[in-house]
Amino acid sequence: MREPFIAGNWKMNMTPSQGAVFAASLKDALKGSRTKVMVAVPFVTIPAVLEVLKGSNIIVGAQNMSDQKSGAHTGEISALMLKDLGVNTVILGHSERRAIYGESDSFINRKVLLAIAEGMEVVLCIGETLSEREGGHLEEVLTSQVTEGLKGVSAEEMKKITLAYEPVWAIGTGRTATPEDANDAHAFIRGLVAKLYNEGVAEELIIQYGGSVKADNVAALLSKEHIDGALVGGASLSVEQFLPIVNFGA
Ligand code: PEP
């Protein structure tokens, strides 16, 4: 039985003071919720949000980290720094990192291996662009992102990995994959993981869907066999919108 996992990605929104105010109302709104929930917040906002969310079940995650342990890497944030703050989960390979900052599968893989080596959990984002989908390359793209992104991760270490399938054309566009299309992609990813590892690893793997998830489409998406949660951008910036998503549309 896979435990649903809903994550909010604040992207480059929320200063420390805004984040603290928002986290306080989120904490209040989610009191009593049993769903596994994470908010991935900007680096500098992490301490303020961690402080407010102390004593709640809401996980505070990071949106990225360096592929290097330490040293001369101006502007980077290391796994060690995140762990020292109390952050144990990191989103890696978000399509904005891939498209805007040129992160490749092998670069992302270095980060995945480092995070795992440091005992952290990873939400690894994968997904095709519109032209890749329309050109019939969906499976090829997912195969290389999964195979390359997870290279060197053992079957045992897969317990630390969540995959987030996020079709790039659905992120921040208001355009969502149909639940059927999303489920087909998730089923393909799960099958691929079964081939790369084994059926047990594939069965246990949490695969989130991301791309314009909202209160009115989350229930249909999460009702699908292979969709185990959601990675939510825009709608995670409003408690009114995020709460029904955590409650699967209720
Ligand atoms: C995201 O940033 O991962 C995302 C899915 O964004 P949105 O929900 O706004 O499409």
Side-chain angles (χ1 to χ4, degrees), residues 4-14 18-19 22 26 35-43 45-46 49 58-65 89-103 105 108 111-112 115 121-130 132-133 138 141-142 145-146 149 161-179 181-183 185-186 189 206-222 224 226-249:
F5 181 16
I6 307 290
N9 173 15
W10 291 1
K11 310 194 186 191
M12 199 172 67
N13 297 293
M14 304 270 191
Q18 290 168 336
F22 185 83
L26 192 63
T35 307
K36 181 175 177 185
V37 177
M38 174 173 88
V39 286
V41 315
F43 292 130
T45 301
I46 288 172
V49 171
I58 304 170
I59 300 163
V60 179
Q63 301 170 12
N64 186 26
M65 60 170 235
T89 308
V90 61
I91 294 176
L92 296 175
H94 191 278
S95 66
E96 287 151 17
R97 301 292 324 165
R98 293 175 187 264
I100 306 170
Y101 301 100
E103 294 196 6
D105 285 320
I108 294 161
K111 299 185 186 205
V112 170
E121 300 200 5
V122 170
V123 176
L124 174 62
C125 301
I126 53 173
E128 82 289 359
T129 62
L130 190 57
E132 287 165 342
R133 175 173 274 259
L138 172 65
V141 170
L142 294 180
Q145 289 177 338
V146 171
I161 301 279
T162 294
L163 290 183
Y165 168 64
E166 300 203 298
V168 178
W169 47 271
I171 297 179
T173 58
R175 213 179 137 182
T176 320
T178 64
D181 282 348
N183 191 55
H186 283 225
I189 295 162
I206 299 294
I207 309 177
Q208 296 174 324
Y209 169 79
S212 299
V213 174
K214 303 273 184 271
D216 60 5
N217 58 26
V218 67
L221 286 160
L222 286 170
K224 294 294 177 193
H226 293 287
I227 304 181
D228 310 313
L231 180 53
V232 185
S236 72
L237 296 170
S238 142
V239 174
E240 291 68 35
Q241 291 182 47
F242 194 52
L243 183 63
I245 294 175
V246 171
N247 294 331
F248 311 150

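Indexing begins at 1, ligand by ligand and atom by atom, following the structure's order. Computed from a predicted structure; not experimentally measured.
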Counting N and O atoms only, with roles assigned by atom type, does the side chain of Asn9 sit under 3.5 Å from a partner on the main chain of Gly233, one being a donor and the other an acceptor?
no
Using a 4.0 Å cutoff against the non-hydrogen atoms of Ser212, which atoms of ligand 1 qualify?
7 (P), 8 (O), 10 (O)
Only heavy atoms of Gly172, strictly under 4.0 Å: list the atoms of ligand 1 that pass.
7 (P), 9 (O), 10 (O)
When rounded to the nearest 0.5 angstrom, what is the spacing between CG in Asn183 and OH in Tyr209?
12.0 Å
Give the ring-plane orientation class for Trp10 versus Phe22, where under 30° counts as parallel, over 60° as perpendicular and anything between as tilted.
perpendicular
Would Ala170 count as a contact of ligand 1 if the rule is a heavy atom under 4.0 Å away?
yes
Under 3.5 Å: N/O of Glu166 near N/O of ligand 1
yes
Can a donor-acceptor pair be found, under 3.5 Å and without considering hydrogens, that links the side chain of Thr162 to the backbone of Ile206?
no
For Ala40, is there any backbone N or O sitting under 3.5 Å from a side-chain donor or acceptor partner on Gln63?
yes
Over all atoms of both residues, closest heavy-atom pair of Thr176 and Gly211
CG2-O, 3.4 Å
Examine Gly234 against ligand 1 and note whether any of their N/O atoms are separated by less than 3.5 Å.
yes
Looking only at protein heavy atoms, which one is nearest to atom 8 (O) of ligand 1, and how far off is it?
Gly233 N, 2.8 Å
Could you establish whether Ala235 and ligand 1 come within less than 4.0 Å of each other, counting only heavy atoms on the residue side?
no
Using a 4.0 Å heavy-atom threshold (strictly under), name the region of Ile171 that reaches ligand 1: side chain, backbone, both or neither.
both
Polar atom proximity, Gly211 to ligand 1 (N or O, under 3.5 Å):
no
Taking a cutoff of less than 4.0 Å between a non-hydrogen atom of the residue and any ligand atom, is His94 in contact with ligand 1?
yes
Looking at residues at least two apart in the chain, or sitting in another chain, which of them share a salt bridge (charged side-chain N to carboxylate O under 4.0 Å, His left out) with Glu96?
Lys11
